[in-house]
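As structure tokens, the structure follows; a few thoughts come after it.
Counting convention: from 1, in listed order, for ligands and their atoms alike.
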Amino acid sequence: MATIAVIMAMRAEAGPLIDELGAARYGLNPSLPTQVFVAERSGDTIVIGVNGVDPEHQVDLVGTEPAVLTTMQVIEHWQPDVVITAGTAGGWSRSAAQIGDVFVAWPHVVRHDRRIGIEGFRDYGIGRHRVWTHSEELAHHLDARKGVVTTSNSLDESDTDREWILALDGEVKEMEGAAVAWVCGLRGTPFVGIKTITDLVDHPTPTAEQFLANLTTASTRLSEVLPMAIQWCAERVNAASY
Ligand code: SAH
């Protein structure tokens with residue numbers, strides 16, 4: 001039977017999914033902030049890894065480093081068949097995104113803030129991590145949009161970020177996807193990105209304000225769509241192993 005892992009940054013994003021699946025807390029490594037929850041569904045195992053809370057600043061551990069830590073531990077312990085990076089993200093009205101829209105990462109995730117203008121390092125910086133080949137069908141199944149997810153460690157968008165995002169065809173802006181994808185790539189684990197839009201980057205209202213106003217709506221939307229996505233991925237894996 002399949003093991004599907006979902007990696008999330010914020011407790012507010014993960015809470016509705018944990019409740020929906022009735023997932024139980026799993027004590028993995030008490031010395032690290034990572035929080036893990038496990039549920040069984042029709043014989044499949046669902047592991048939810050949440051980055052946890054920063055011990056010094058008492059805020060959710062958003063960003064790439066905690067995402068690597070969570071993904072690595074979950075892959076090491078459970079060897080999941082598929083890893084899904086799930087959470088909220090920014091979109092653009094220029095690509096007709098609306099608050100609450102669901103996007104599936106396709107065909108890759110990139111980084112727009114690792115600008116290393118040295119031969120060879122430029123492409124490493126951008127990353128262009130491929131998503132699971134079945135992601136396109138998954139988007140169709142979920143009636144979701146597809147687009148390039150672009151990651152950085154900042155919530156805002158500088159002028160240089162804007163140029164890079166346009167050049168990279170970024171349609172979904174967040175802070176963890178490429179980090180999760182990088183670890184999956186190292187371990188050969190199929191990677192899927194599912195993001196719901198909390199804010200429009202090109203809207204006059206400041207991003208942080210939009211984000212806080214729409215976090216609950218977007219997290220609820222995630223908890224509706226993720227169980228369907230998990231089940232679809234598990235069925236794909238189970239069908240392939242017969
Ligand atoms: N201001 C928030 C901080 C959350 S940081 C707070 O007070 O709690 C934003 C989180 O949501 C990250 O995990 C990131 O992946 C996602 N996110 C949503 N919209 C984003 C955007 N426009 N740019 C970057 N990350 C975004």
Scan side-chain atoms only and decide if Q73 and T34 contain a donor-acceptor pair under the 3.5 Å cut-off.
yes
On the six-membered ring of Y124, is R114 placed so that its NZ or CZ lies under 6.0 angstrom from the centre and within 45° of the ring axis?
yes
Side-chain donor or acceptor of D60 paired with backbone N/O of M10 under 3.5 Å
no
Quick note, salt bridge (Lys or Arg N to Asp or Glu O under 4.0 Å) partners involving residues 31-59, not counting sequence neighbours, are none
As a quick check of understanding, evaluate side-chain contact (heavy atoms from CB on, under 4.5 Å) for K195 and T85, giving each step before the final call.
CA-CA 8 Å; K195 300 278 164 172; T85 180; 3.6 Å; yes
cation_pi(R145, F103) dist<6.0 Å, angle<=45:
no
Which protein residues have a heavy atom under 4.0 Å from ligand 1?
A9, M10, V62, T88, A89, G90, S154, L155, K173, E174, M175, E176, T198, D199, T207, F211, L212
